[in-house]
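Data block below; observations after.
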Amino acid sequence: MGTNLSNDRADDSASAGRSAPTLDGIGYRILAALRENGRLSMAALAERVGISRANAYSRVEALVDRGVITGFSASVDPAKAGLSIGAHVFVTVHPQSWPSFRERVIEMPEVEYCAVTTGEHDAMLMIRATDVGGVHDFSTGVIAQLPEVRTVVSVVILDEVVRRSFILPTDLPERAPGGAIGMTRWTPAPGAREPLPPR
């Protein structure tokens with residue numbers, strides 16, 4: 001099945017999400033078409049990409065097998081579904097508490113996304129709530145109460161200007177090198193951290 005992907009020499013032993021296999025132009029066009037409409041039939045996908053239906057089917061199956069496509073789901077507008085408030089919650093964690101902190105966060109239904117970050121804080125949580133009170137209740141009554149947590153800073157989102165399901169290497173524009181030096185500062189994270197398990 002993997003023979004349908006170009007440059008199929010990617011190391012399968014690499015951690016998921018760490019080293020994505022290289023795709024050919026057709027592979028990227030398939031992903032772009034499914035990003036626009038995940039309910040495309042194989043016949044419609046094949047026509048959109050310019051390949052046979054059998055080829056489209058085998059390529060999609062190969063993308064799933066390789067872990068490039070991790071699932072199919074509906075794209076939902078949170079506000080129209082009743083969650084009108086979003087917030088970023090920045091958390092600083094006690095150094096020896098990462099395993100239990102990860103386990104707790106994974107079980108929290110309010111958390112849409114969580115990432116370990118560099119900088120002043122250790123983790124960023126994206127949460128949804130029905131109102132500002134829900135953000136306050138989560139920040140002060142749930143996260144801040146965890147023994148693993150040292151500090152919490154909540155930032156309410158006023159407007160989500162761009163929200164894409166995913167981006168592809170083919171989306172990235174060519175830019176000439178030589179930008180201003182020193183405009184970006186990377187702050188290393190203190191101590192070793194393991195990534196959160198995949199959802």
Using a 4.5 Å cut-off on heavy atoms from C-beta on, say whether the side chain of [Y] contacts that of [X].
X	Y	result
Leu31	Leu63	yes
Phe101	Asp122	no
Trp98	Val116	yes

Side chain to side chain contact (heavy atoms under 4.5 Å, CB included) against Val142, all qualifying residues, sequence neighbours excluded: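 Testing Val142 for side chain to side chain contact (heavy atoms under 4.5 Å, CB included), a comparison that skips the adjacent residues, returns Met108, Phe138.
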
Partners passing salt bridge (Lys or Arg N to Asp or Glu O under 4.0 Å) against Asp171 (at least two apart in sequence or in another chain):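 Asp171: salt bridge (Lys or Arg N to Asp or Glu O under 4.0 Å) contacts with Arg35.
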
Residues that Glu148 engages under salt bridge (Lys or Arg N to Asp or Glu O under 4.0 Å), provided they are two or more places apart: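 If we apply the salt bridge (Lys or Arg N to Asp or Glu O under 4.0 Å) test to Glu148, skipping adjacent residues, the hits are Arg104.
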
Ser97 side-chain N/O to Val93 backbone N/O, donor-acceptor pair under 3.5 Å: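 Side chain of Ser97 to backbone of Val93: no pair is present.
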
Worked verdict on Thr130 versus Leu83 for side chain to side chain contact (heavy atoms under 4.5 Å, CB included): CA-CA 5 Å; Thr130 56; Leu83 295 172; 4.0 Å; yes

Verdict with reasoning, Ile26 to Arg59, per side chain to side chain contact (heavy atoms under 4.5 Å, CB included): CA-CA 9 Å; Ile26 292 175; Arg59 279 178 170 269; 3.7 Å; yes

Remaining members of the apolar cluster that contains Val76, side-chain heavy atoms under 4.5 Å: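 Besides Val76, the cluster holds no residue at all.
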
All pairs passing side-chain hydrogen bond (donor to acceptor under 3.5 Å, both in side chains) where residues 69-84 contributes a residue, at least two apart: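 side-chain hydrogen bond (donor to acceptor under 3.5 Å, both in side chains) check on residues 69-84 returns no pairs.
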
Side chain to side chain contact (heavy atoms under 4.5 Å, CB included) between Phe90 and Thr117, worked out: CA-CA 9 Å; Phe90 299 93; Thr117 63; 5.8 Å; no

Expected list for residues 151-170: side-chain donor-acceptor pairs under 3.5 angstrom, two or more places apart:
from   : atom 1 : to     : atom 2 : distance (Å)
Thr151 : OG1    : Thr92  : OG1    : 2.8
Ser154 : OG     : Ser139 : OG     : 2.5
Glu160 : OE1    : Arg128 : NH2    : 3.3
Glu160 : OE1    : Arg163 : NE     : 2.7
Glu160 : OE2    : Arg128 : NH1    : 2.6
Glu160 : OE2    : Arg128 : NH2    : 3.3

Can you give me every donor-acceptor pair (side chain of residues 36-49, partner residue at least two apart or in another chain, under 3.5 Å) with its distance?
from  : atom 1 : to    : atom 2 : distance (Å)
Asn37 : OD1    : Arg39 : N      : 3.0
Ser41 : OG     : Ala44 : N      : 3.1

